[in-house]
2 protein chains.
Amino acid sequence: MNLCKGRSYMDQVNLKKLAKELNLAVSTVSRALRDSHEISSQTKERVRELALKLGFQPNPHASSLRQNKSKTIAVIIPEIENNFFSQVINGIESITPNKGYHVLIYLSHEDYNKERDILQLLGNGRVDGVMISFSNSTTNYEHVEAWQKAGIPLVFFDRTCDELDVPNVMTNDAEMAFKATEHLLKRGCKNIAFLGMAGSLSITNRRKVGYLQALEKFKVTNPPQIVELTSKDYSNREILRQLFEGPSRPDGIFAAIEKFAVNTYEVCKEMDLHIPQDVKVISFSNLQAAALFDPPLSTIIQPAYDIGREAASILFKLIEKKMLLPYEKKMILPSQLIERNSTAITG
Amino acid sequence: MNLCKGRSYMDQVNLKKLAKELNLAVSTVSRALRDSHEISSQTKERVRELALKLGFQPNPHASSLRQNKSKTIAVIIPEIENNFFSQVINGIESITPNKGYHVLIYLSHEDYNKERDILQLLGNGRVDGVMISFSNSTTNYEHVEAWQKAGIPLVFFDRTCDELDVPNVMTNDAEMAFKATEHLLKRGCKNIAFLGMAGSLSITNRRKVGYLQALEKFKVTNPPQIVELTSKDYSNREILRQLFEGPSRPDGIFAAIEKFAVNTYEVCKEMDLHIPQDVKVISFSNLQAAALFDPPLSTIIQPAYDIGREAASILFKLIEKKMLLPYEKKMILPSQLIERNSTAITG
DNA sequence: CTGTTAGCGCGTTCAA
DNA sequence: TTGAACGCGCTAACAG
C-alpha cells in the first residue's frame, strides 16, 4: 500500500524546473504561461508544450501568497443533513468551477460559538469571500462585525441579518407564511400552531410575521400558538406530544422547517391522530419525497438552488469589485406552495 | 454598503508587525507563538498577549508554502442532494476541526471528465489528502493512477475501486443485498427486479451479487431482472413504467439507490399499483422520512456518518504517516435492515 | 534564549 | 522580447 511519503522534491514540477529545461528565465516562463503580451508566440508555444507534457500546475499557495488571492470561498451553514442546504450548495457549485474557485464547507451545528470560531479561522486570507446562513443560537452579530473589518466580501443567505449592511439572498418568507396560514384557514382550521426554530432566526421571525398577519386578517379568535422547536428530534417530539395532549389541541400545523413536519407526522402516527381529518399540516420543505408521505404533505418549496447560485454570483461581484445593482443588495426569490392531501378538506 | 476594498496593507497583522512592536526578531515571535521550548516563558507571554490583542492570525498561504502542508482535505462526491453523502460529510466534519483541517467539497455530477478535472486541479499541494466516491460514469481509474504518483494520501469510500491499492471504507453491500432479496422472497415475491445505477459502480456490482446469490440460493425459477437507472428522475420513471407494463411485471422491487425507490413509488402511484399488495419494495436508503411514506418503506440504512468519520480518520493516519492496521485497509461497516409495510405480507 | 539569514514558488518591477 | 532581482509571510538552519 502506498504509504504516501509526500511528493518528493524531485517530482515537483515548478517554474524553475521548466525554466532550466527550456534554457529560459523563471520570469519568462511565468509570463508565457499567463499569456503575457510581452512574450513571443514561439516561446509561449515551447513553454506551454513542456508545461503540458510535465503536467505543470502552479503552486496555489505561492500564487495566493504573492497575489493575495486564495481563489477559494467559504460556505458556513448550520447543518448539512437538510435538503435545503444541500441544494444551496449545488447552486453555489454551479458557479464556482467556471470562476476557477474552490469551495470550503463549514458547519456551525447551530452553535454560535462554533460560528464565531469558524469566522475567526477565516480571517487571514484563507478565503476571498464568505457566504453564511446563521445558526439559530446566533443572537448578536459582533463576530461578523469584528470580522467584516478585514474587508472580506460577505453575503448572507436564507437565515440573514438586517442589522448589518451586507447583501442578502432569501425567499419571500412572510408572504409564503401568510399564504400557508391562509391556506389552512380556508380549509377550515380554527386553531393553527406555528412551529418555529427556537432562537431569533430571521426566517422564523419573517415566517411568524406572515402567520400572525394571516390570523389577524381573517379575524381568528383563537390566540396564536407559537411553538419553539430545535434541531433535536427527540425533544421536538416530546414538545409536540404535549401540544396535542394539551387543552387547546391545534387543528392545523404550519411548520416553518421541514424537519418539524416530519416530527409532526411521527407524533401523529404515534398518537393515532389522523392527517388531515384531525389536524392539517403544511410545511416549508424541499423534500422531493413529500409527495409520497401518508398523506402527501403540502409544502412551500424554496428556490434553494437559485438562492445558492444568486448568492454566489453576488459574492463574485463583490470579489471582482463590481458594483451591485440595487436589487442585488436584498434579493428575494419566490417560493411555491404545493397543495397536497395533508391539507385536504375533510368530512 | 461595504464594497470590500480588501484588507489594506496597514490593517494586515503579521509577524513583522508584532516583532517591531515588541522589539523582537520575527523568528522569535514565530517560535513564541508555536510554543517552542527555546523561548522564555515571559517572552511567550508578551508575544501572546499582543497577538491576541491585535487578533493576529498567521497567513495560511505563507505557512502552507513554507511547510508544504495545506491543512486542507478534499472530498469528491458524485452529488450532494442525497442524504447518504450529506451524512458522510457530517461524519468527516466531526473530525476535521479538531485536527485543524479544512474541507473542500467537489461535485463530479456523475461525470468522469469532471472527476478527472477535479483531481487534476488538486495536483499541486492544494490539499494534503483526498477522499473520493466515484461517479457512475467512471469505468477506468487512469485519472487516479496518474494522480496517485504525486503521493498524496487517498481514501475511497462507498463507491470504491478494488483495482487500486488504496484504503476503502464501505458497507456490507453484498450481504445486505442478499438479506433484502431474501426478505422479499420470504414474503412471497417470485419475480424480483433489481434497480441499479447504470455504469460500473462498485456498489451496484456488489449489491447485484447479493441479489443474484439470494435468487440462486432460494432456487427462484424466474430469471433475474436487472434494471439500469440513472440520476435523471424523468427517464427513470419512463423505464419503470415500461417495466411494470411489460410481460414479466415484477412483484418485488429491490432498489439499490434511495432515489430509485422514490421513483418506484411515484410510478406505482401514477399507475395505481398498490404497495405491498401488487408489488413489494425495499431500498437502500438513509431517509429519516422513509417511515412516513405511504406505505412506510422498508430500508437498508447505511452507517453513512460512520463511513465518513472512519474514512477521514484513515486519511489522517495516512497524512500523519502512521501505519494502518490491517482492517483499516478495507473497512466494512454494517448496514441495518428496517422492515416496514412496503414489504408486508398481504392477503 | 534570541537574532540573522535563507528560501518555499510565484509574479512583478526594473534593467537590458 | 527576455533576464535578474525582489518580496509576499512564514519557518528552519545556523550563529551567537
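The basis for the numbers below is simple: all heavy atoms, side chains too, and nothing from hydrogens, waters or symmetry mates. Below, chain A is the first sequence line, B the second, and so on; all start at residue 1.
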Exercise for the section: May I ask you to verify if any side-chain N or O of A:Ser64 is less than 4.0 angstrom from the OP1 or OP2 atom of D:dC8? Expected result: no
Fill in the blank from the handout: Taken to the nearest whole Å, CZ/A:Arg126 to P/D:dC10 is 13 Å
Practice task
Ignoring backbone atoms, establish whether A:Ser30 has a side-chain N or O less than 4.0 Å from OP1 or OP2 of C:dG11.
Solution key: yes
Problem - Residues A:Asp165, A:Lys329: salt bridge by 4.0 Å N-O rule - result: no
Practice task
Please tell me which of the listed nucleotides, D:dT2, D:dG9, D:dT11, lies nearest to the side chain of A:Glu38?
Solution key: D:dT2
Exercise for the section: Using a strict cut-off of less than 4.0 Å between a Lys/Arg side-chain nitrogen and an Asp/Glu carboxylate oxygen, indicate whether B:Lys71 and B:Asp128 qualify as a salt bridge. Expected result: no
Practice task
Please check the phosphate of C:dT2 (OP1 and OP2 only) for any side-chain N or O of B:Arg31 closer than 4.0 Å.
Solution key: no
Problem - Distance, rounded to the nearest Å, where B:Lys69 contributes NZ and D:dC10 contributes C1' - result: 16 Å
Exercise for the section: Would you indicate, yes or no, if D:dT2 has its OP1 or OP2 atom less than 4.0 angstrom from a side-chain nitrogen or oxygen of A:Ser27? Expected result: no
Exercise for the section: For the pair B:Asp306 and B:Arg309, find out whether any cationic side-chain nitrogen is under 4.0 Å from an anionic carboxylate oxygen. Expected result: yes
Practice task
Specify the separation, in whole Å, of atom NZ of A:Lys16 and atom C1' of C:dG11.
Solution key: 16 Å
Practice task
Between C:dG3, D:dA12, D:dT2, spot the one nearest the side chain of B:Leu24, thanks.
Solution key: C:dG3
Practice task
Counting heavy atoms from C-beta on, name the nucleotide in C:dC8, D:dC8, C:dG11 closest to the side chain of A:Arg34.
Solution key: C:dG11
Exercise for the section: Starting from C1' on D:dC8, measure out to CG on B:Asn14 and report it in whole angstrom. Expected result: 10 Å
Exercise for the section: Take the protein atom NZ of A:Lys71 and the nucleotide atom C1' of C:dC10, then report the distance between them rounded to whole Å. Expected result: 15 Å
Exercise for the section: Grab the CG-C1' distance between B:Leu15 and C:dT4 for me, whole Å please. Expected result: 15 Å
Practice task
Please check the phosphate of D:dG7 (OP1 and OP2 only) for any side-chain N or O of A:Arg66 closer than 4.0 Å.
Solution key: no
Practice task
Go through C:dC10, D:dT2, D:dG9 for me and flag the one nearest to the A:Asn59 side chain.
Solution key: C:dC10
Practice task
Show your working on side chain to side chain contact (heavy atoms under 4.5 Å, CB included) between A:Ser313 and A:Lys317 and close with a plain yes or no.
Solution key: CA-CA 6 Å; A:Ser313 308; A:Lys317 277 195 146 185; 5.9 Å; no
Exercise for the section: Using atom CD of B:Gln57 as one end and atom P of D:dC10 as the other, report the distance to the nearest whole Å. Expected result: 11 Å
Exercise for the section: Would you please confirm or rule out a distance under 4.0 Å between OP1 or OP2 of D:dG9 and any side-chain N or O of B:Ser63? Expected result: no
Practice task
Specify the residue among B:Thr43 and A:Thr28 whose closest nucleotide of DNA chain C lies further upstream toward the 5′ end.
Solution key: B:Thr43
Handout entry: B:Lys99 to B:Phe316 six-membered ring, cation-pi geometry met (6.0 Å, 45°)
Key = yes
Exercise for the section: May I ask you to say what B:Val26 touches in the nucleic acid, namely base, sugar-phosphate or nothing, with a heavy-atom cut-off under 4.0 Å? Expected result: base
Exercise for the section: Nearest whole angstrom, please: distance from the C1' of D:dC6 to the CD of A:Gln67. Expected result: 16 Å
